[in-house]
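The next block holds one structure in the form of structure tokens; read it before the comments.
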2 protein chains.
Amino acid sequence: MLASMLAEERQQRINEHLREKEFCTLKELSEMLNVSVSTVRRDINFLKTTGVLRRTHGGARLSEQVEIEGTHPLVPNASVRSELKECIARYCASLIEPGQTVIMDGGSTVFSVARHLVVKHPIVITNSLPISNLYSNYRQVEVHVTGGVVYPRLGVLTGPNAVEGFSKIHADVAIMGAGGLDVQDGVTNTHALLIDMQLAMIKAARKVIFCMDSTKLGARSLFFLCSADQVQTLVTNSDVDPVLVKALRKKGVDVHLVPC
Amino acid sequence: MLASMLAEERQQRINEHLREKEFCTLKELSEMLNVSVSTVRRDINFLKTTGVLRRTHGGARLSEQVEIEGTHPLVPNASVRSELKECIARYCASLIEPGQTVIMDGGSTVFSVARHLVVKHPIVITNSLPISNLYSNYRQVEVHVTGGVVYPRLGVLTGPNAVEGFSKIHADVAIMGAGGLDVQDGVTNTHALLIDMQLAMIKAARKVIFCMDSTKLGARSLFFLCSADQVQTLVTNSDVDPVLVKALRKKGVDVHLVPC
DNA sequence: GAAGAATTTGAAATTATTTGCAAGAATAAA
DNA sequence: TTTATTCTTGCAAATAATTTCAAATTCTTC
């Protein structure tokens, strides 16, 4: 047998595979992972309890609710606009000075920030189609879109062109989302494709603001982005474990707690 | 048998197929999905209960409530839906081979072509946000977006980055619109910013198709794009001055007249 | 390290589901 | 009407899920 694999690693690869393909059969996975169908079935059943996928006959399907951080399903309105996100977003927007150059990623919370940012007449650099659309109606906001290939379900531009788009510019602030932030594990995100992009964003910005609601704190996603002490500013709702906040502040993170 | 497919996946593909074609037969689906007509029938009957489609004899029709175009925020103005444009667009789409690499600009007629092009599963390169949005719901279409600055009202990406985006690639066909075409004045367009872009598109494509309705023929806009003899293919409605058509053909233009 | 406990894995038997097929009924077309 | 499809229904074959159990692996503890 080939290099044996830990259960956790296997499940991670299943998750990864599903995020790309949306559907897959047990057989397919068992061949990919060199384990029996029984084992794959057990893994899948476990992953079902964590909510990342749904079972179907003969296979699994990516759970619809798994957004990228989550990146809005292409309809950014409606359900995604939770009061919590709205609240964090409003505060986050208040941190931006008029006329600043702002990088924004494809996260759903970031999209909410974008809506509150119109009055600041920013110059926006983004790889998010929804944000581009949002501003294309407002002349007051200058929007620079990176190139790239559209990642279907999510509406973000990915690939080398997108990364290159960020590597060529400099911005005052980057506003980003992520799937998890933990003292030990640092910042993590759900899609491998986003990591390169977000790294380029961080590099291009003088200041980085992470926006995420408290459910993301203490959690971790699949892919590592950066360590906790590399986070300059964090905006979240005040519903967080105070111990975690203290630990983050000790690491030098400027934590803003928004009462919601 | 080929890679077996999950029931849910099949149903999703039926749904997607219907969004493209609006109507299709069971036989057609059974061939597409490599399953028996019985199975397709069962799938269809299930989908009927979810409301995404209606049953007919021998086939299924997309439910009226389901917007064909999906939800793209940047809906081009109402004029886009004119029967004339629709008609030209449909014909123009028929000129494209399945799987071709297609450059599309931000013109409203071109947008209509884009809607008819989904079934050809093209690789699309565009600087148009509306087109990017349109396809972001369809996994079958690979969309490459050039970078650039959003030109507010039109939702097209402009500037050096956009031009560069086209200069790096090669495509089978470019489908473009313009503000005017005249034997003497050549092709002209309304926005200076678009000229550089369109020149880059023309350079990157092996074949160039101009789509414009007959009101644009004989007219001229402010900015010069290229001379008439540089136009390879023109698709327009048959309501044109025959003298003009003759003159264009004499210049080597392949004029397609669509009866509308 | 080795022995034993605990867990994980693969495989077999049983049960449940899905799929394809066929015969007669129903529907549309000629 | 006749004719040709398509639909329904029931059934058998194929496929997948569940349960169970033995072998293999990992984890303790010495």
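Letters A, B, ... mirror the listed sequences (proteins, then strands); counts begin at 1.
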Sugar-phosphate, base or nothing in reach of B:S30, heavy atoms under 4.0 Å: nothing

Over all atoms of both residues, closest heavy-atom pair of B:T109 and B:C211: CG2-CB, 3.9 Å

From B:N237, B:D239, B:D241, residue fulfilling side-chain hydrogen bond (donor to acceptor under 3.5 Å, both in side chains) relative to B:S214: B:N237

Under 4.0 angstrom between B:R10 side-chain N/O and C:dT19 OP1 or OP2: yes

A:S108 and A:K85: side chain donor to acceptor below 3.5 Å: yes

Nucleotides 21-30 of chain C: protein proximity per nucleotide (B base, S sugar-phosphate only, - neither; heavy atom, under 4.0 Å): B-----SS--

Value rounded to 0.5 Å, distance of CD in B:E28 from CD1 in B:I14: 11.0 Å

Touch class at under 4.0 angstrom, heavy-atom based, for A:T25 against every strand present: nothing

Atom pair distance, as rounded to whole Å: CE in B:M5 and C1' in C:dT18: 16 Å

Separation of D:dA17 C1' from B:L6 CG (nearest whole Å): 14 Å

Separation of atom CZ in B:F46 from atom P in C:dT18, rounded to whole Å: 11 Å

Separation of C:dT8 P from A:E8 CD (nearest whole Å): 12 Å

Sugar-phosphate only, base, or nothing, as touched by B:V37 at under 4.0 Å among non-hydrogen atoms: nothing

Ring center gap for A:H191 and A:F223 short of 6.0 angstrom: no

Nucleotide D:dA17, atom C1' - distance to CG of A:D43 in whole Å: 16 Å

Integer-rounded Å distance: C:dT9 C1' and A:Q11 CD: 13 Å

Gap between atoms CG and C1', on B:N45 and C:dT18 respectively (whole Å): 15 Å

A:E28 CD to D:dT15 P, straight-line distance once rounded to whole Å: 17 Å

Check: A:N15/A:H17 side-chain N/O donor and acceptor closer than 3.5 Å: no

Exercise: do A:D105 and A:Q198 side chains pair donor with acceptor under 3.5 Å: yes

